[in-house]
Structures are given as structure tokens and as C-alpha cells.
Amino acid sequence: MRRHLKQGWWLTGQHFFIVIVLFLYELLWGFFLYRTIDSIVTPLLQRYPGAEAGEDAVRLFLTEAQFQLMKTDLIHPYLWLFATLLAGRMLITPLVNAGLFYSLHASESEGGTRFLAGIRAAWKPVMLLYFLEVALTIVPGIWLVPRLYDALIASDTLAELSASALPLAGGWFAGAVLLHLLFLAMQFGAVTGKGALGGLGEAAKKLLPFAGISLLMWAIGLLLSLTAASVSMLWAGLLALILHQGFHFVRTIMKVWTVAAQFAAWQSNEAKEG
């Protein structure tokens, strides 16, 4: 596992230009999303009655808001807007994945990065597998979400809610993680020429190391996120702002390192058999 971490880190260094591009993409996406939400929420909050207006004014404001949301089409343009943003994000993500995965594969034999060439060469199978993964992840939610909602309504305490909802939600989450790893292996196979089934077969031969390196990298990323959040809360001010903005870059590095380490673990299967 340590070898995969080192190999993934080396691949991340080889693709530092892609790290910068992805960081700028995430930064611009976050800024645009923030400005969009701010343009919607701020005018609504400006109409919120202050504390001096009394409880009756607050109750009237909430009743009016509920009526407009449930009985009018006020929210429809916003729903369409966010659906468009989500669709755009879902179209861009597999393109980025195709370029990155292909470049990781090509770096060992050709050197340098092949991000744009990877998009041109592998975007179709990667996009197909990505949307198939999304669909298979969402389908159980059609059955699960109503039951989670019923559990929320029927539970009187947090303990009751946890006892009834956590097994369902935990099972869905675990299934989604396993599904992601399997489809990730298939995307690796698609960009390396082995095909989706060939990539799945390579991962199945050593599923535990492949899953182990994934869980380890996710745990490291979560630990860094919690640390950054804790420091931001303790040291409010300019330092917290700098740390918050800088952490976006660290998070991008962690994303690329995670994928690179996963690819190294997956690639080692074929190397050992060759």
C-alpha cells in the first residue's frame, strides 16, 4: 500500500499542471455557484422581519413563504436554474475524468501529460460509465427515500431515528462506495484499452488492496478537512480566510493523489501478472 501511495504521489507531481487547472475550475465553479445562491437568498433575507417586529411578523413571513413555495410557480425558475447547473457539472465531470485517467496511463510510457488527448480519445466510454454509475446509485433511492422520510416522521427521538434510518442509509452509502470503485476500475480499463470488463476483472482480482488504498486516501482527505475546519473556527479572521482559500488547492491535490494512488493499485495487478 505504501508503494501505491508513493507511486500516486509521483504521478500527482507529474500532473501538477492538471492540478492547477482543476483548482481553477473548482474555484470558478464555487464562485459562480456562490454568486447564484447569493443573488437568490439575499433578496429573500432582506424581507425577513427583524427581532423588533415580534413573533407575529415572523410567523406571517414564514406562512407567506410557505404559500409561495407550495401554491405558486415562484420556485420553478430556480429549480430549472439549479437543474441546468447540475447537468453542466455532470457533463464536465466525465470529461475531466477521461483526460486525467488517460494522462495517468500515458505518463508511464510517453511522459508529460495527455489531458486533452485523453478527453478526445476516451470521453465516450468514460461518460457512458459515469452516467450508468449515477443511475445505479440513484435507483435504490426511489425505494429508500420514502422510507427514510417515514422514519423521520415516526421517530420521536434522535435515538429512534438513528435505529430505524441509519441501517438503511448506511447500506445505501456502502453500496454506493462499492459501486463507485467498480465503475472506477471499468473507467480505468476503458482508457487503457482493456475495456470496461477487463478493467473490472483486474480490480476484482485484488479488490481488497484497491478498496483499501481508496478508503485510506478518503480518510486522509476527511482528516485534513476536519483539521482545516477546526482551525478556521478557532482562529477567526484573516488567517482563517487564507487557510480556507488555500485548502481548496490542498483538496484538489488530494483528489488527484487519490485517483493516482487508485490507478497505481489497479495498474499493479496487471503489472504483477505480466
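Because the structure is predicted, anything quoted here is derived from the model rather than measured.
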Can you run down the salt bridge (Lys or Arg N to Asp or Glu O under 4.0 Å) pairs that involve [range], sequence neighbours left out, and say none if there aren't any?
range            : answer
residues 217-232 : none
residues 78-102  : E26-R89
residues 117-145 : none
residues 165-191 : none

Which word best sums up how the rings of F263 and H105 line up, parallel for under 30°, tilted for 30 to 60°, or perpendicular for over 60°?
perpendicular

For [X], side-chain contact (heavy atoms from CB on, under 4.5 Å) partners two or more places apart:
X    : answer
A121 : Y102
L22  : I18, V96, T252, V256
W218 : V177, H180, L181, S214, L215, T258, Q262
R251 : F247, H248, K255

Considering residues at least two apart in sequence or located in another chain, which fulfil the ring-ring contact (aromatic ring centres under 6.0 Å, His included) criterion with F23?
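Testing F23 for ring-ring contact (aromatic ring centres under 6.0 Å, His included), a comparison that skips the adjacent residues, returns F249.
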
Please write out which residues are connected to V21 in a hydrophobic cluster, directly or through intermediates, given that two of Ile, Leu, Val, Met, Phe, Trp, Tyr count as joined at side-chain heavy-atom separations below 4.5 angstrom.
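V21 shares its hydrophobic cluster with F17.
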
Identify each donor-acceptor pair in which a side-chain atom of residues 140-153 lies under 3.5 Å from a protein atom, sequence neighbours left out, and give them as a table.
from	atom 1	to	atom 2	distance (Å)
R147	NH1	W143	O	2.8

According to salt bridge (Lys or Arg N to Asp or Glu O under 4.0 Å), who are the partners of R35, at least two apart in sequence or on a separate chain?
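If we apply the salt bridge (Lys or Arg N to Asp or Glu O under 4.0 Å) test to R35, skipping adjacent residues, the hits are D38.
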
